[in-house]
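First the proteins, then the strands, lettered A, B, ... as listed; each starts at 1.
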Amino acid sequence: MNLDQKKVVIFSGIAVGALAVMLTVLGNPPNQGICVACFIRDIAGGLGLHRAEAVQYIRPEVPGFILGSFIISLISGEFRARGGSAPLARFVIGFFVMVGALTFLGCPLRMVLRLAAGDLNAIPAFFGFSLGIYYGLFFIKKGYSLGRSYKIPQGNAYLMPAISVFLLLLVAFSPSFIFFSQKGPGSMKAPFIASLAAGLIVGMLAQRSRLCMQGGIRDIFLLRDFHLFSGFVSIFITALVLNIALGKFHPGFANQPIAHSMHLWNFLGMFLAGFGSALLGGCPLRQCILAGEGDADAAVAFLGMLVGAAFSHNFGLAASANGVGSNGKVAVVLGIALLTIIAAFNVSTDIFQKKGSELSNAQEA
Amino acid sequence: MPRRLDARGLSCPMPVVLTKKALEESPGENLEVLVDNPTARDNVFRLARNLGYNVEIINSGGEFTIKIAR
């Protein structure tokens, strides 16, 4: 079981890395074959929740992730409605994960893909992300938890897949009230079918392998376990090799596509994203996968990310190739402070000190 | 008389953190961990195996009892 799981993680990483590069060849923005944060931001734009004209397109990849996870978990019997673990806190945390990611201009997955294309601006981001997770673990080790989730009526598990199908129908039929970028990253897209197929495959593999950028680094800090990190590394190596082979590898800091070189803010943006992901128990991709499996709490975190993306562009928080504006800087600092407060409020010493609640002798139980 | 840890409903990494804590508190003692999602099951399994314990998983209707013993 252990060995097989390891193979699944590595294979999934290879497939994700290859599909991501393939999607850029087919038309997705450079170094952005897959970016969960960017794509959720584009979806918010496509729905008109923000009006940044360059980033509006209901990306089929994201509903693909959710539906891929939905389909494979139905087959494997892991599809199960659950919820009730501090949904509002998860919404707020998801919101700020997005604010942080859009300061750097990418989710943790795009961070790896940017590194694999030679974008060295992702190096400070990687350190920020790792340190953010370490900071999150400080609270987790002290007893931070958003509480238990509970089984809820099974019908609830179909809501996120239904919303995903609705999003795909919107793209397919393109009614006049949705938005499509005419220029900028939002106008760069692989064909609908390719995007959807890649999304479905990534969703299925990520569900089976539990692939998670945050989990990979967390497990190293927490358990000295490189299991999930091996997925992270296989994405990097696969994308690196393909980028070199296709002439898409351009090492350096300057003139990287959809990127800026404000190192402090790349660091702090991903610190916030890493911290938030640790508090949620998963990176943005993982939240999509869990939402597809019937986890209503992850679905709420997803909605938090969607709203966070809309606010990021409506309030001028999101970075651009020109860098991070003052609103964005304030939002990142506020976000780190606010998530620190949320983390501290949810440290329950009970879990460790009162054995009666969690830990008991089998005889008593 | 194994000790029992109820980690149902807790999302990762909490089940692993609690299991690790429980094993460190009384190393070598048998422990049963109750979880209700496959990710937690796999993670707790891996943790205990990596720490050199024998692990047995009992599946009962979507809930898993992970028996950890030396």
Original post:
Does a sphere of radius 6.0 Å around CZ in A/Phe11 hold more than 12 heavy atoms from other residues, nucleotides or ligands, not counting ones at 6.0 Å or beyond?
Top reply: no
Note to self: Within a 6.0 Å radius of atom CZ on A/Phe91, are there more than 12 heavy atoms belonging to other residues, nucleotides or ligands?
What the structure shows: yes
Heavy-atom side-chain proximity of B/Thr39 to A/Arg286 below 4.5 angstrom: yes
Applying a strict 4.5 Å limit to non-hydrogen atoms, the region of B/Val33 in contact with chain A is neither
### Query
Is any side-chain N of the basic residue among A/Arg148 and B/Asp6 closer than 4.0 Å to the acidic one's carboxylate O?
yes
d(A/Ser209 OG, B/Asp42 CG) to nearest 0.5 Å is 11.0 Å
Answer key: most heavy-atom pairs under 4.5 Å with chain B among A/Arg80, A/Arg224, A/Glu293, A/Arg218 is A/Arg218
The interface call for A/Arg82 against chain B, heavy-atom contacts under 4.5 Å, is neither
For this session: Assess whether side-chain contact (heavy atoms from CB on, under 4.5 Å) is satisfied between B/Asn50 and A/Leu223, documenting all intermediate values.
Result: CA-CA 9 Å; B/Asn50 289 348; A/Leu223 309 165; over 6 Å; no
Cut-off 4.5 Å, heavy atoms of chain B, and the answer for A/Asp219 is side chain
Note: vs chain A, highest number of non-hydrogen pairs under 4.5 angstrom among B/Leu34, B/Asn43, B/Leu47, B/Asp36 is B/Asp36
*Minimum side-chain heavy-atom gap A/Lys141-B/Val17 below 4.5 Å*: no
Original post:
With side chains defined as the heavy atoms from C-beta onward, is the minimum distance between B/Arg8 and A/Tyr150 less than 4.5 Å?
Top reply: no
Tightest non-hydrogen contact, residues A/Ser145 and B/Met14, listed as CA-CE, 3.8 Å
